[in-house]
A.B. asks: 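After the structure tokens below, expect a handful of questions from me.
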Amino acid sequence: MNALLGGFRSLSPALLAVLAMSLLGMAIASAPVLLATLSVAFLAGPHNLMEARYLLSRLPGRVGKLRPYFLLSLYGVLTLGLTSVALPFFSGSLGLRVWNTILIGWVTALAMLRRRENPRRDWPWLEPVALALTGWMWAYPGAFTLLLVFGHPILALVILGKELHTFRRPERHIYQQLMAAVPVGLVVLLYGLHLRGWAGPDEIRSFLTLSSGSPLFLAAHTYFELLHYAVWIGALPLLASATRRQKLELFPALKKSSQRLLAARLLLALGLVIAGLLWWGFTADFETTRDLYFRIAIFHVLVEFPFLVRLL
Amino acid sequence: MLAVLCLLATGSVLADEYVPYEYQVEQQRSLLERELAKIPAEQRADHVRRQLNALQPPAPSTPSADSKIARPVQSALRPDPRIVVLKEWLQNHQSPISTPTVRPEGFTVPPTGDWNYPIALVFVAAGALLAVRRRLARDEARPRPSQ
């Protein structure tokens, strides 16, 4: 009996995760548009706010030798973010290819700087993989965009795993089970879409071309986005609370400078105002607000790369 | 937690308001494509016209008082997505071209210039060469077992 109970206890996180992901998949398959709309309208703003808090917590107290790394990060975010806003004004796909090449080059350069910090990080495959990826992107820019669109939500799961390992939390053992449940929910979602006749060849074609009208694309993206929001709004703040890092005064970059602390508080207050404005905007004019949000959201996607590379 | 629940409840009540118009149009477009796939090609135009007539009541020849009142209200609303999609289909199929594989809206393949594949090949080749070079350098640096 005790062995059975012990076995159940060890299985329960995995079962709960499978149940939760399956329910999520079923819910999205039954109302993809509604859930996509509600998730963006209600969770996009708060998730950006929590992400800004997390990134502030990961900034070092003194930049010192890391100055080139953070300068390159800043220049990259600004250059790529501003040029991406201008991309729709260029016709053809050359602009997109060049932008993607700069993105790959920037992330590779960050990884090269990270490699120099410690001889343990040899990474001889770094440049060959980056070059091969660039080549693949030049041949199939649409596929690369698909990779970015779905890779970004998954990035949050990777960051969560790295954080659990960095702080040697006991939950890191459950993390693998949670990750294993993600494809299960996706399969349930796809089956639900199939039952509704939304998983045929036309839908797959629309999915591969990132058509916003494709229920398959919308549903799959909503599934990963909701996991992304759950990590940023739920899991990472909980982890910060468990490791007693939730107070701004304790952040390495802020604890010795009252001016920086004030600036961070103002920044977060501004974030709160923006989150409120987003909620209001989604109620008043959903389409304009959504377009505006996704145009600007590229900045938060870009900011994640330097912090992810630092976790490696 | 209570605030989040209240927000979600408000959102669920107002959900219809949030469903973006373009998604409704896209959904209708997808439904129409599926519907037409079951109908022989030569009967599709008639089918679409019949549907459009059923959805669009004929305009009255003499404007009544009711229609005068209704006009500003109608102009403030967006047209029925189904009507938009049916009209669009008819417009696209007025020409004598009747290719059976019409690409759906939103299916945009960026024009691939002839030089994109050579550029891709150069990158891949450079990556492969670098990988081989690194591998050889590593093998060279590895201490050889003494004979």
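Here is the naming used below: chain letters follow the sequence lines, and residue numbers restart at 1 for every chain.
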A.B. asks: Is there a side-chain contact between A:L131 and B:V124, using heavy atoms and a 4.5 Å cut-off?
C.D. replies: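 Result no, sub-4.5 Å side-chain heavy-atom pair not found.
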A.B. asks: Nearest heavy-atom pair of A:A139 and B:Y117: which atoms, and what distance?
C.D. replies: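 For A:A139 versus B:Y117, the nearest heavy atoms are CB-CE2, 3.7 Å.
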A.B. asks: Can you name the residues that form a side-chain hydrogen bond (donor to acceptor under 3.5 Å, both in side chains) with A:E127, not counting sequence neighbours?
C.D. replies: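 Residues passing side-chain hydrogen bond (donor to acceptor under 3.5 Å, both in side chains) with A:E127: A:R115, B:R134.
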A.B. asks: Side chains of A:T101 and B:F123: closer than 4.5 Å at any heavy-atom pair?
C.D. replies: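 Sidechains of B:F123 and A:T101: in contact.
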A.B. asks: At a 4.5 Å cut-off on heavy atoms, which part of B:R135 comes close to chain A: side chain, backbone, both, or neither?
C.D. replies: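 It is neither, since no heavy atom gets under 4.5 Å.
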A.B. asks: Does a sphere of radius 6.0 Å around CH2 in A:W280 hold more than 12 heavy atoms from other residues, nucleotides or ligands, not counting ones at 6.0 Å or beyond?
C.D. replies: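 Counting other residues, nucleotides and ligands, CH2 of A:W280 stays at 12 neighbours or fewer.
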A.B. asks: Rounded to the nearest 0.5 Å, how far does CH2 of A:W138 lie from CG of B:N116?
C.D. replies: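 So the CG of B:N116 and the CH2 of A:W138 are separated by 6.0 Å.
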A.B. asks: Identify the heavy atoms of A:G135 and B:A120 that sit nearest to each other, and give their distance.
C.D. replies: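 Here A:G135 and B:A120 meet closest at O-CB, 3.0 Å.
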